[in-house]
Amino acid sequence: MRLSRYFLPLLKENPKEAEIVSHRLMLRAGMIRQQAAGIYSMLPLGKKVLDKVCNIIREEQNRAGAIEVLMPTVQPADLWIESGRYNDYGKEMLRIRDRQDRAMLYGPTNEEMITDIFRSYVKSYKDLPLNLYHIQWKFRDEVRPRFGVMRGREFLMKDAYSFDLDFDGAKAAYNRMFVAYLRTFERCGLKSIPMRADTGPIGGDLSHEFIVLAETGESEVFCHRDYLEMDVPGADVDFNDDAEMASIVGKWTTPYAATDEMHDEAEWAKTPEAERLSARGIEVGHIFHFGTKYSEPMGAAVTGPDGKQHNVSMGSYGIGPTRLIGAIIEASHDDNGIIWPESVAPFGAAIVNMKPGDAGCDGVSEQVYAALTNAGVDPLLDDTDDRAGAKFAAMDLIGLPWQVVVGPRGVGNGVVEVKNRRTGERQEMTPEAAVNMIGRGNLTA
RNA sequence: CAGGGUGUAGCUCAGCAGGUAGAGUACCGCACUCGGAAUGCGGAAGUCGCGAGUUCGAGUCUCGCCACCCUGACCA
């Protein structure tokens with residue numbers, strides 16, 4: 001992409017409504033535009049990051065055996081009346097009447113609808129386990145939206161729903177999602193820590209929040225330092241191996257970890273003082289087993305091997321991709337702007353042509369641009385005639401992992417300057433070497 | 001939802017002894033060809049959130065409404 005033909009509305013000054021870093025930087029980097037309290041448009045740069053995040057989520061859900069569907073944003077109230085939540089949900093639910101005066105709603109979540117889909121088709125235990133997910137916009141009319149996309153009213157959410165014959169099956173399904181989440185957040189460049197979450201009236205221990213550590217986090221968290229060094233399962237992990245899944249989950253749930261709501265001073269005291277880490281965190285995912293809470297009232301049952309009807313045992317697994325973007329920025333930025341992990345960077349590299357119109361600079365810029373494009377890096381070429389300072393500041397702000405600076409000085413000597421956004425390190429090399437280095441993606445950004 | 005605050009140019013803000021609106025920046029044009037957001041000159045740009053009221057006259061005072069932000073209780 002050529003910057004001169006792109007749509008990247010950068011803001012030089014901080015919009016006053018934005019308090020926290022991620023909100024400020026997303027506005028300044030031209031990623032989002034607020035349309036109403038808690039409701040945002042995704043501008044091109046934001047959309048690119050969102051797509052990358054969603055693809056990582058999608059790949060890991062698929063790897064773990066979940067199957068993608070897409071349910072609508074607008075739902076009929078009937079299903080919710082059936083589950084009993086139509087009245088319970090309160091003002092957070094955006095209720096709508098259509099032209100026939102039918103009661104509709106903008107979905108805040110999809111348990112009812114997915115249960116309806118399931119019960120309509122699945123009748124046998126042989127079709128289990130089943131895990132269906134979608135990535136769709138949700139609306140919750142929050143009393144107080146804030147922090148930009150971190151706490152919007154309309155937000156994108158990946159929610160998966162598992163269906164199993166019994167608790168053991170549901171637990172295995174839960175474990176698969178648990179491991180998928182570890183991998184997902186790792187791939188987004190985040191250090192996530194699963195923490196026991198409140199299971200409410202359901203009880204049990206099958207509910208975890210995945211928390212990303214960030215100084216600006218919304219909640220206070222307490223955990224063992226060991227989490228910082230734990231290995232995340234590789235891509236070769238076998239999701240069909242229930243024992244292996246259980247063992248990974250076991251490893252990741254043994255050391256102490258809790259948010260302030262679940263914090264237990266007595267348990268915490270058992271962790272040696274030096275091993276304790278108390279910090280702030282951002283919840284980026286939540287997995288939850290809820291058994292027959294919906295399958296029972298809605299009649300989602302299958303015939304078991306015993307020939308009897310069994311209400312399926314369910315769980316739901318959420319990740320907020322829009323919120324995740326905010327969390328990534330909170331966890332990865334400096335005074336000059338965003339520092340994208342390579343996996344979610346909107347463009348793989350910036351090429352800064354210091355002197356558009358100069359035959360030498362134009363030639364080298366185009367050459368590097370073509371080569372990086374061929375290498376699959378998806379570069380952004382700054383071919384505008386802004387002043388140098390403005391160009392550098394803009395590129396630092398949008399935080400692409402690499403900047404290839406093509407200036408008349410270097411071009412005369414047959415070199416370009418490559419800057420690593422994260423480390424700030426700059427080195428001169430030939431254009432070919434630069435393309436090689438970035439194209440191979442062998443430098444950890 | 002309770003408490004507090006703010007709405008003036010795209011953005012950040014000034015103007016408040018009531019007299020009909022200003023700066024920086026961004027934008028457009030010309031010159032400048034420039035290595036860290038501050039090159040010069042010129043230009044365009046505002047129903048002063050909306051509606052009433054007081055007044056000869058309201059961005060400025062009064063009342064009502066709306067929007068947005070912050071603090072708290074609640075959530076991916």
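Since the structure is predicted, the reported quantities are computational estimates derived from the model, not experimental observations. Convention: sequence-line order gives letters A, B, ...; per-chain numbering from 1.
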* Asked: To the nearest Å, how far apart are A/N353 CG and B/rG35 C1'?
  -> 13 Å
* Asked: Of the residues in residues 185-193 of chain A, which ones touch RNA chain B at a heavy-atom distance under 4.0 Å?
  -> none
* Asked: Which letters describe nucleotides 39-50 of chain B, given B = protein heavy atom under 4.0 Å from base, S = only from sugar-phosphate, - = neither?
  -> B-----------
Enumerate all atom pairs, one protein N or O and one N or O from nucleotides 21-24 of chain B, separated by less than 3.5 Å.
| unit_1 | atom_1 | unit_2 | atom_2 | d |
| --- | --- | --- | --- | --- |
| B/rG24 | N2 | A/E13 | OE1 | 3.0 |

* **CA sep, side-chain torsions, deciding dist, call: A/F118, A/Y294, ring pair (Phe, Tyr, Trp, His ring centres under 6.0 Å)** => CA-CA 11 Å; A/F118 178 89; A/Y294 302 97; over 10 Å; no
* Specify the separation, in whole Å, of atom CG of A/L397 and atom P of B/rC11. => 17 Å
* What string of B, S and - do you get for nucleotides 71-76 of chain B, 5' to 3', when a contact is any protein heavy atom under 4.0 Å? -> BBBBBB
* **Separation of B/rG10 P from A/L43 CG (nearest whole Å)** => 17 Å
* Side-chain N or O of A/K12 less than 4.0 angstrom from OP1 or OP2 on B/rC11? -> no
* Scan for salt bridge (charged side-chain N to carboxylate O under 4.0 Å, His left out) pairs involving residues 1-14 of chain A, sequence neighbours excluded, and state none if there are none. => A/R2-A/E366
* Structure fact -> Which of B/rC68, B/rC34, B/rG35 is nearest the side chain of A/K355? It is B/rC34
* Structure fact -> Stems of at least 3 consecutive Watson-Crick or G-U wobble pairs (donor-acceptor distances under 3.5 Å) involving RNA chain B, listed by first number, are B:1-7 with B:66-72, B:10-13 with B:22-25, B:27-31 with B:39-43, B:49-53 with B:61-65
* Is it true that A/D226 and A/K251 have a side-chain N and a carboxylate O under 4.0 angstrom from each other? -> no
* Any side-chain N or O of A/Q34 under 4.0 Å from OP1/OP2 of B/rC69? -> yes
* To do: Name the nucleic acid region contacted by A/A393, choosing base, sugar-phosphate or nothing; use a 4.0 angstrom heavy-atom cut-off, strictly under.
  => base
